Amino acid sequence: MGTAGCGVLRLPGLHGYAAEFSPYWPGRVACAAAQYYGIVGCGTLAVLEQNEAGIVLLRSFDWNDGLFDVTWSENNEHVLITSSGDGSLQIWDTAKTKGPLQVYKEHTQEAYSVDWSQTRGEQLVVSGSWDQTAKLWDPAVGKSLRTFKGHEGVIYSTIWSPHIPGCFASASG
């Protein structure tokens, strides 16, 4: 949390890949991390909060492969979704001690990016993968709604437009 006066929390053996502030809780941030730079090993979703004592670890969840991205739900302050090296997406509930709630596995290579639509009228998620596809998901359905092909390289980033419902962008190698 890089402003003056803020603390640092180190997670030994893990390398952070993505951090996202909660749209609901001031000072709360989720971090997706992986062991050994995501080449081998497990991943961890860490939920952190800054308070008077500094930065504290509220909850952490482990996954069997590196976690590369994280995004908060736009309709539930406790729910997040992560993407991982095994090509899956995981939905987590920070109000629960165990997880994940659901796992979606349709990408054939690393799922490197995930973003939840900021348009509260639609509950859609977009993911991008090293398999050169972007997938559209509705978490209530439990499977992808559509697969987008067209990139000739690895997709590194996917993001929803905060202004145009149903519009997302993706970037690849």
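Just so it is clear, the structure is predicted and the values come from calculations on it, not from any experiment. Along the sequence shown, residues carry numbers from 1.
- Between G66 and A34, the closest heavy-atom pair is CA-CB, 3.6 Å.
- Distance alone, capped at 3.5 Å, places no donor-acceptor pair between the W63 side chain and the L45 backbone.
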Item to complete: List the steps and the verdict of side-chain contact (heavy atoms from CB on, under 4.5 Å) for L67 and Y17.
Response: CA-CA 7 Å; L67 297 180; Y17 272 85; over 6 Å; no
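- Rounding to the nearest 0.5 Å places CG of D115 at 4.5 Å from OG1 of T71.
- Taking both residues in full, the closest heavy atoms of P23 and S73 are given as CG-O, 4.2 Å, listed atom of the first, atom of the second, then distance.
- Hydrophobic clustering (ILVMFWY, side-chain heavy atoms < 4.5 Å, transitive): L101 and L89 are in one cluster.
- K96 NZ: 12 or fewer foreign heavy atoms inside a 6.0 Å radius.
- One hydrophobic cluster, built from ILVMFWY side chains closer than 4.5 Å, cannot hold both I159 and F168; they sit in different ones.
- A distance of 15.0 Å separates CG in L57 from CZ in R10, rounded to the nearest 0.5 Å.
- Under a hydrophobic-cluster definition in which Ile, Leu, Val, Met, Phe, Trp and Tyr are linked whenever side-chain heavy atoms come within less than 4.5 Å, directly or via other members, V29 and V47 are assigned to different clusters.
- Nearest heavy atoms, D93 versus H78: OD1-CB, 3.3 Å.
- G153 and Q132 get closest at one heavy-atom pair: O-CG, 3.2 Å.
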field: Verdict with reasoning, L124 to L145, per side-chain contact (heavy atoms from CB on, under 4.5 Å)
entry: CA-CA 10 Å; L124 299 175; L145 302 176; 3.9 Å; yes
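- What you find for G87 and H107 is that their closest heavy atoms are O-CB, 3.3 Å.
- When side chains are defined from C-beta on, D62 does not count as touching C42, because their heavy atoms never get closer than 4.5 Å.
- Side chains of Q90 and S84: a donor on one and an acceptor on the other come within 3.5 Å.
- Separation of atoms CD1 (I91) and CG (L80) is listed at 10.0 Å; rounding is to 0.5 Å.
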Tell me, with the steps shown, if E106 and Y104 meet side-chain hydrogen bond (donor to acceptor under 3.5 Å, both in side chains). CA-CA 6 Å; E106 291 185 26; Y104 307 132; over 6 Å; no
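- Listed for the E49 side chain is no donor-acceptor partner under 3.5 Å among the backbone atoms of V56.
- Follow the hydrophobic side-chain contacts under 4.5 Å out from L11 and you reach I55 in the same cluster.
- Using bins of under 30°, 30° to 60° and over 60° for the plane-to-plane angle, the ring pair Y112/Y156 lands in the perpendicular bin.
- When all heavy atoms of P139 and Q102 are compared, the pair lying nearest together is O-OE1, 3.4 Å.
- W160 places none of its side-chain heavy atoms less than 4.5 Å from the side chain of E74.
- Not one N or O on the side chain of D86 forms a donor-acceptor pair closer than 3.5 Å with the backbone of D65.
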Notebook entry, point to check: For S129 and I155, what are the C-alpha separation, side-chain angles and deciding distance, and is it a side-chain contact (heavy atoms from CB on, under 4.5 Å)?
Noted result: CA-CA 5 Å; S129 172; I155 296 177; 5.8 Å; no
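- In this structure, W72 is not a member of the same hydrophobic cluster as V79, with clusters built from ILVMFWY side-chain heavy atoms closer than 4.5 Å.
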Review point. Given L14 and Q35, is the side-chain contact (heavy atoms from CB on, under 4.5 Å) satisfied, shown in steps?
Key: CA-CA 5 Å; L14 294 171; Q35 293 178 319; 3.8 Å; yes
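- A donor-acceptor pair under 3.5 Å is formed between the side chain of S22 and the backbone N or O of Y24.
- Between the side chains of T133 and K149, no donor-acceptor pair is found at a separation under 3.5 Å.
- In this structure, P100 and F61 have side chains that are not in contact, with every pair of non-hydrogen atoms separated by 4.5 Å or more.
- Between the CH2 atom in W130 and the CD atom in Q109 there is a gap of 8.5 Å [rounded to 0.5 Å].
- In this structure, the side chains of V114 and T82 stay at 4.5 Å or more apart for every pair of heavy atoms.
- A donor atom on one side chain and an acceptor atom on the other are found under 3.5 Å apart for W116 and Q123.
- The shortest side-chain heavy-atom distance between T97 and R59 falls under the 4.5 Å cut-off.
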